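Quick notes on the structure that follows.
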Amino acid sequence: MNTTPESTPNTTPKLHAARAKKGYRPRRSKPKPKTQSTLSTVSVIPLGGVGEVGKNMCVIEYGDDMIVIDAGVKFPGEELLGIDLVIPDITYLIENVDKIRGIFLTHGHEDHIGSLPFVLKQIQVPVYGTRLTLGLVKNKLTEHGLIREAELHEITADDVINTGPFQVEFFRVNHSIPDGIGIAIRTPAGLIVHSGDFKLDQTPVDDKVLEFNKLARYGDEGVLLFICDSTNVERPGYTPSERTVGETFRSVFAQTDSRIIIATFASNVHQIQQVIDTAAEFNRKVAVVGRSMVTVVDVSQQLGYLNVPKGMLIEAEEVDRLPDNQVTIITTGSQGEPMAALTRMATNNHRQVAIRQGDTVVISATPIPGNEKLVARTIDNLFRIGADVIYKDVANVHVSGHAAQQEIKLMLNFLKPKFVIPFHGEYRHQATFAKLGKTMGIPEENIIRCNIGDRIEVNAELGQITGSVESGSVFVDGIGVGDVGNIVLRDRHHLAQDGVVIAVVTIDKENGNVLAGPDLVSRGFVFVREAGDMLGEAKTRVKEALTTRNTGTTEWSVLKNLIRDTLNEFFYQKTKRRPIVLPIIMEI
């Protein structure tokens with residue numbers, strides 16, 4: 001596919017004024033050249049995915065045109081109480097929607113496509129992705145009621161898209177989901193290569209090896225900037241092939257006659273294929289459990305990315321009707337998520353499947369940072385039931401989808417970039433990447449360590465951070481998007497730590513005299529039956545404060561502050577805790 005939209009390139013680059021951040025020295029590979037003003041300059045603005053793992057989104061901007069790479073989510077940590085998803089702040093995109101030529105997706109993982117429904121509700125722009133990636137996107141957009149309005153364009157690794165001043169090419173990469181691509185963007189300022197998430201798997205499950213020939217061609221052409229996956233930059237050597245996990249599966253199947261339950265990431269189609277292949281070899285049926293797992297399996301089958309023998313898949317309700325040695329279950333919950341299928345099975349809360357003594361459970365994933373306790377708790381629960389649990393500490397049941405040091409070095413040698421931005425990693429990954437790049441002969445100042453929202457301007461002579469745009473994180477809670485901010489989260493933490501006390505007082509509307517109360521209701525602060533004396537004294541304190549105040553005051557705000565201050569002082573004096581105090585005043 002080779003498309004050219006009606007818009008024409010703006011050949012006059014828009015050079016932004018260098019607005020250096022406080023304390024920041026511009027990164028220069030050479031002294032400022034005299035011809036600086038005549039050089040074409042392209043801007044790169046990460047709106048997510050740098051200094052963090054998740055919610056990947058990157059803007060490439062030249063003049064009055066821009067393209068966006070990926071639109072991902074990040075899953076909340078324990079500190080984000082009640083939050084379902086974290087998505088990028090796209091204020092900058094909304095303000096410049098007329099400049100956006102399209103959103104290009106590298107692959108179908110949630111941290112690269114998960115925020116797309118929320119983005120497309122606010123900006124209507126074309127979306128480009130490979131077949132499987134768009135298949136997963138369509139399911140999301142259908143759930144959000146956006147599928148009819150969405151402008152989706154299916155691409156392959158052989159396509160070239162001409163849009164505005166950009167010529168966008170693609171190259172196939174290996175990852176833990178099929179149909180992953182990297183992106184090469186030719187701009188008037190030079191060639192930018194975005195790796196997407198990648199590893200160099202010489203024996204991939206689908207036999208589709210990374211396109212080294214294209215990388216060599218880009219290197220010969222000259223790469224101005226390489227935006228590189230840095231997730232595994234701390235790991236020496238190479239990331240093992242996905243096929244090594246298949247060997248572990250075969251060993252497990254050969255040694256057990258019990259039911260086999262395998263928990264993995266729903267999007268890891270290659271692992272799911274290997275489980276199905278192994279189950280077929282050992283004459284087992286396969287049940288798929290977990291909403292996201294069912295969705296991915298259905299889409300992958302329909303699009304031809306998953307080969308399932310006829311009659312192999314069974315419904316979860318049929319599991320108990322078969323002998324144990326003929327049953328395999330593929331499920332979600334490899335990260336110990338409280339509501340995921342495996343977690344509920346392990347606590348006997350799943351309506352279709354319960355773990356039984358003697359079952360073999362394989363947790364085919366490595367815990368995402370922050371999930372270690374959840375995974376450990378699930379493993380403990382499984383052992384308590386009497387299951388035989390196989391996980392990363394005892395067997396090779398999972399390999400990463402990201403490149404280790406030697407693979408990153410190989411990419412750098414192929415591309416020979418002038419400047420590099422490490423993405424998909426925290427600050428420690430950026431620092432380690434800088435050291436690695438230095439061993440490859442790349443000047444440390446040419447490896448740009450940036451934060452979300454930084455504007456990085458790059459041309460043939462110079463790569464530097466010149467300013468920033470509005471950016472950050474937006475919290476999704478239920479159907480609310482962005483309505484939960486730091487103040488609400490602070491209150492949630494306060495409630496979780498110290499609880500709440502509600503004080504109800506009835507006053508005379510005319511003169512402000514107390515007619516009834518105060519009545520105190522406590523939740524999460526103290527056990528009322530054991531703290532009756534303290535709460536009784538608190539009531540007395542509030543009544544005294546209201547009685548001795550300036551008479552005639554009936555203004556609610558004054559009375560509420562008086563009640564709040566009195567109780568805060570008293571409770572801290574008695575308990576060294578500060579519950580949230582909510583005064584309620586009723587007038588008669």
Side-chain angles (χ1 to χ4, degrees), residues 1 105-113 128-139 154-159 169-183 195-215 229 231-232 238-250 253 262 264-281 286 288 292-310 312-313 328 330 334 364-365 396-404 407 410-411:
M1 180 169 74
L105 305 174
T106 58
H107 63 284
H109 277 155
E110 287 293 309
D111 58 337
H112 294 260
I113 67 170
Y128 298 84
T130 54
R131 195 176 184 206
L132 179 59
T133 302
L134 287 190
L136 298 172
V137 164
K138 287 174 183 177
N139 267 309
E154 185 179 312
I155 58 173
T156 72
D158 296 324
D159 290 332
E169 291 188 7
F170 313 98
F171 55 96
R172 186 174 60 242
V173 297
N174 301 125
H175 190 41
S176 53
I177 187 171
D179 247 4
I181 54 171
I183 303 177
S195 73
D197 289 2
F198 81 99
K199 69 176 181 180
L200 306 183
D201 193 338
Q202 305 293 340
T203 56
V205 173
D206 60 4
D207 296 321
K208 296 179 179 178
V209 182
L210 187 146
E211 293 182 294
F212 296 99
N213 57 320
K214 290 184 179 179
L215 299 179
D229 177 3
T231 309
N232 275 353
Y238 295 87
T239 300
S241 170
E242 202 74 39
R243 288 188 186 272
T244 61
V245 178
E247 296 167 6
T248 303
F249 288 158
R250 195 175 188 285
F253 276 69
I262 298 180
T264 186
F265 292 109
S267 59
N268 199 334
V269 178
H270 290 322
Q271 278 196 15
I272 296 171
Q273 182 67 70
Q274 292 188 98
V275 173
I276 290 171
D277 291 344
T278 310
E281 181 181 349
V286 175
V288 180
S292 58
M293 184 70 74
V294 171
T295 297
V296 171
V297 169
D298 285 347
V299 172
S300 300
Q301 272 191 279
Q302 292 169 16
L303 299 179
Y305 290 91
L306 198 59
N307 181 26
V308 182
K310 188 175 180 180
M312 167 164 279
L313 290 183
T328 301
I330 306 175
S334 63
S364 184
N396 181 25
V397 291
H398 177 72
V399 296
S400 175
H402 300 272
E407 296 156 276
L410 190 58
M411 287 287 275

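All values below come from the heavy atoms of this structure, side chains included, with hydrogens, waters and symmetry mates left out. Note that the coordinates shown come from a computational prediction; the quantities given were computed from them, not determined experimentally.
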Gap between atom [atom2] of [Y] and atom [atom1] of [X] - 0.5 Å precision:
X	Y	atom1	atom2	value
I181	E211	CD1	CD	10.5 Å
R172	D206	CZ	CG	8.0 Å
H270	I177	NE2	CD1	8.5 Å
I272	F265	CD1	CZ	11.5 Å
L210	M411	CG	CE	6.0 Å
I183	T106	CD1	OG1	6.5 Å

Minimum-distance pair of heavy atoms, taken over all atoms of [X] and [Y]:
X	Y	value
P309	I276	CD-CG2, 3.9 Å
G246	T278	O-OG1, 4.5 Å
V269	P178	CB-CD, 3.5 Å
A279	V286	CB-CG2, 3.6 Å
I113	G108	CD1-O, 3.4 Å

Who passes side-chain contact (heavy atoms from CB on, under 4.5 Å) against S400, sequence neighbours left out?
N232, R235, T239, H402
Going by side-chain contact (heavy atoms from CB on, under 4.5 Å), name the residues that satisfy it together with N307, two or more places apart in sequence or in a different chain.
Q273
Expected output: side-chain [X] to main-chain [Y] donor-acceptor under 3.5 Å:
X	Y	result
S195	D229	yes
D179	T133	no
K214	A157	yes
K199	Y238	no

Just one of S334, S364, S176 clears the side-chain hydrogen bond (donor to acceptor under 3.5 Å, both in side chains) bar with Q271, so which one?
S364
List the steps and the verdict of side-chain contact (heavy atoms from CB on, under 4.5 Å) for F170 and D159.
CA-CA 7 Å; F170 313 98; D159 290 332; 4.3 Å; yes
Listed pairs under 3.5 Å, donor-acceptor, residues 293-300 side chains, sequence neighbours left out:
{"unit_1": "T295", "atom_1": "OG1", "unit_2": "R291", "atom_2": "O", "d": "3.1"}
{"unit_1": "S300", "atom_1": "OG", "unit_2": "V296", "atom_2": "O", "d": "2.8"}

Decide yes or no on side chain to side chain donor-acceptor pair (under 3.5 Å) for H112 and D197, but give the supporting numbers first.
CA-CA 9 Å; H112 294 260; D197 289 2; 2.9 Å; yes
Criterion side-chain contact (heavy atoms from CB on, under 4.5 Å) on L136 and E110, from CA distance to verdict:
CA-CA 10 Å; L136 298 172; E110 287 293 309; over 6 Å; no
For L200 and F212, what are the C-alpha separation, side-chain angles and deciding distance, and is it a side-chain contact (heavy atoms from CB on, under 4.5 Å)?
CA-CA 10 Å; L200 306 183; F212 296 99; 4.1 Å; yes
Residue pair D158 / T156, side-chain donor-acceptor N/O under 3.5 Å
no
Indicate yes or no: at least one non-hydrogen side-chain atom of E242 is less than 4.5 angstrom from one of N174.
no
Is there a side-chain contact (heavy atoms from CB on, under 4.5 Å) between D201 and V399? Walk through the geometry before answering.
CA-CA 11 Å; D201 193 338; V399 296; over 6 Å; no
Tell me, yes or no, whether the heavy-atom count around R243 atom CZ, taken from other residues, nucleotides or ligands under 6.0 Å, exceeds 12.
yes
